[in-house]
Each structure stands twice: as C-alpha cells, then as structure tokens.
Amino acid sequence: AKANHAMVRGAFILLEGCDRTGKSTQAERLVDALNRRGQRALLWKFPDRTTRIGQMIDGYLAKGQDLNDQAVHLLFSANRWEAIGQIQAHLREGTHLVVDRYAYSGVAFSAAKGLDLHWCKQPDVGLLTPDLTFFLDMSIEESMNRGGFGQERYEKVALQTRVREMFHALREPDWKVIDATQTKDQIHAELLGIAQATIGCVGNTELKHT
Ligand code: DGP
Ligand code: NA
Ligand code: NA
C-alpha cells in the first residue's frame, strides 16, 4: 500500500525486565485483550530463536555452545535488526506490536556481564524507539521464590542481580515501572489501561528511531 500520512499507525509497546518476572504471560494477555477489543495487535518476542541468527543465540543460551561475549551481543542486536522491516510494516499498517524484550535487555545483560556500557549501546542505535515501555520489576529473591530459574545460561542469581541494577541505571523517565509481585490480574489491568491510553495518543505520529 502507498504511504498514507492520514493513516493511524500501530503502537510499539515493550515489556522489559529480568527473567521470571512474568513478561511473556503478560505480553500474551495484553495482545489477547486488545484483540478482543477489536484492536489489531501482535505478539513479538526477542530473541526470536526461529531465524538463523536466533538459532545461534539459542545454541548459546540453551545448548551450552560457547561464543565470545561481544559476538553474542552483536547476534542479539542483529536478531532485532533482521526483524525491523516486518515490525515497521505492521506498525505502518496500524497493527499494535506487543514486544517481549528489546534493546534494553541487550544492553542490560551484556553490561551486567562486564562489557563496556557505551560499546553495548552502539549496535542498537537506529532501531525503533518504543512508544511505551513497561518495566516489570521485582527483587531477584522474589522471582527465585516463585519457582526459581531454569537451566539457561543467564538464569543465575548473581547475574540477574546485576541485570536488574543495570535496568534501573538505563531506566528512562517515561518508563512505566510495574510492581511484578502483584497478582497476574492486577498487573494485566494496569498494563491494559496504560496501553490503551498510549494507543489513543500514537495516532499518525511518525515512528521514532533511537
Ligand atoms: P527469554 O527468551 O526472554 O527468556 O531470553 C533469553 C535469555 O537471553 C534471557 O536470560 C534474557 C537474555 N537476553 C534477551 N535479550 C538479550 C540481549 O539482547 N542480549 C543479551 N546478552 N541477553 C539477552
Ligand atoms: Na529466560
Ligand atoms: Na519470558
């Protein structure tokens, strides 16, 4: 379709946070709720392990394949870049995207591992800026108490503690920090209300890039 400046674009809604804070569950519920209200919304997940780059990431995270830290960082970023065309197309067609992790995770995890913060930010420069960022936050002790971490590479208390500190250091003034210890229904209601307000404001504004 030809670019139409009068067309209302979709909103880019991001959920960020440490592992086991309920992001994926809440992202799914938010998409379902928007769809039931007649809004076109799609769930998007990073890392997307289905692409060739994503399979390399999965080998590293889940299958014990070793890779240099900087190389892994660039793969995660490349995994976001390879999706940007599809993401932009959906947003321009008026579909809202609920995105489970994005570039803040990229920086938070790699900087928590000890990579230089400034270096970590560079590969993601130019990606789309979310219209709304939810940060689902709870202490690492609490997420441990809720069934603990799995077997993947980063699911360790010490690293997650540094990742959480890094997220707080990266936090932008417009982030919506959500108490992830609330019930699932409470969190869902909070996210849906804020998301609907943002959707009402996005209108035909231009997509922004970092
Ligand atoms: P998930 O599939 O959301 O559980 O993410 C897998 C793991 O990878 C999780 O521990 C978070 C981490 N992660 C997600 N995105 C990035 C990224 O861009 N860079 C790095 N280094 N780690 C990431
Ligand atoms: Na995980
Ligand atoms: Na998840």
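Just follow the structure's listing: the first ligand is 1, and inside any ligand the first atom is 1. Reckoned from all heavy atoms, side chains included, excluding hydrogens, waters and symmetry mates. Only a predicted model underlies this, so the values are computations on that prediction, with no experimental measurement involved.
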Judged by non-hydrogen atoms, does [X] sit under 4.0 Å from ligand 1?
{"X": "Glu155", "answer": "no"}
{"X": "His73", "answer": "no"}
{"X": "Arg80", "answer": "yes"}
{"X": "Val72", "answer": "no"}

What atoms of ligand 1 come closer than 4.0 angstrom to any heavy atom of [X]?
{"X": "Asp19", "answer": "9 (C), 10 (O), 11 (C)"}
{"X": "Lys45", "answer": "1 (P), 2 (O), 3 (O)"}
{"X": "Gly106", "answer": "17 (C), 18 (O), 19 (N)"}

- [ ] State whether a side-chain donor-acceptor pair under 3.5 Å links Asp131 with Thr198.
- [x]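 There is no such pair between these side chains.
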TODO: Specify whether Tyr60 and Tyr154 have parallel, tilted or perpendicular ring planes, treating 30° as the upper limit for parallel and 60° as the lower limit for perpendicular.
DONE: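 Aromatic pair Tyr60/Tyr154 classed perpendicular.
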- [ ] Could you label the plane-to-plane angle of the Tyr102 and Phe46 rings as parallel, tilted or perpendicular, counting under 30° as parallel and over 60° as perpendicular?
- [x]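 Ring orientation, 0 to 90° scale: tilted.
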Task: ligand 1 to Arg49 polar contact by distance, N or O atoms, under 3.5 Å - done: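 N/O-N/O distance below 3.5 Å exists for this pair.
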Task: More than 12 heavy atoms of other groups within 6.0 Å of Glu172 CD - done: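 Yes, enclosed.
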Open item on the list: Would you say NZ of Lys176 has more than 12 non-hydrogen atoms from neighbouring residues, nucleotides or ligands within 6.0 angstrom?
Closed with: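 Incorrect, the count does not exceed 12.
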Open item on the list: Is it the case that the ring center of His168 lies less than 6.0 angstrom away from the ring center of Phe135?
Closed with: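 Ring-ring flag for Phe135/His168: true, centres closer than 6.0 Å.
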- [ ] Please identify each residue that fulfils side chain to side chain donor-acceptor pair (under 3.5 Å) with Glu165, with sequence neighbours left out.
- [x]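 Partners of Glu165 by the side chain to side chain donor-acceptor pair (under 3.5 Å) criterion come out as none, since no residue qualifies.
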For ligand 1, indicate whether the residue [X] contacts it via side chain, backbone, both or neither (heavy-atom separation under 4.0 Å).
{"X": "Ser24", "value": "neither"}
{"X": "Lys113", "value": "neither"}
{"X": "Leu61", "value": "side chain"}

Task: side-chain hydrogen bond (donor to acceptor under 3.5 Å, both in side chains) evaluation trace for Thr133 with Glu16 - done: CA-CA 7 Å; Thr133 299; Glu16 280 284 15; over 6 Å; no
Open item on the list: Going by the closest heavy atom to atom 13 (N) of ligand 1, which one wins out of Phe76, Phe149, Tyr104?
Closed with: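 Minimum heavy-atom distance to atom 13 (N) of ligand 1 goes to Phe76.
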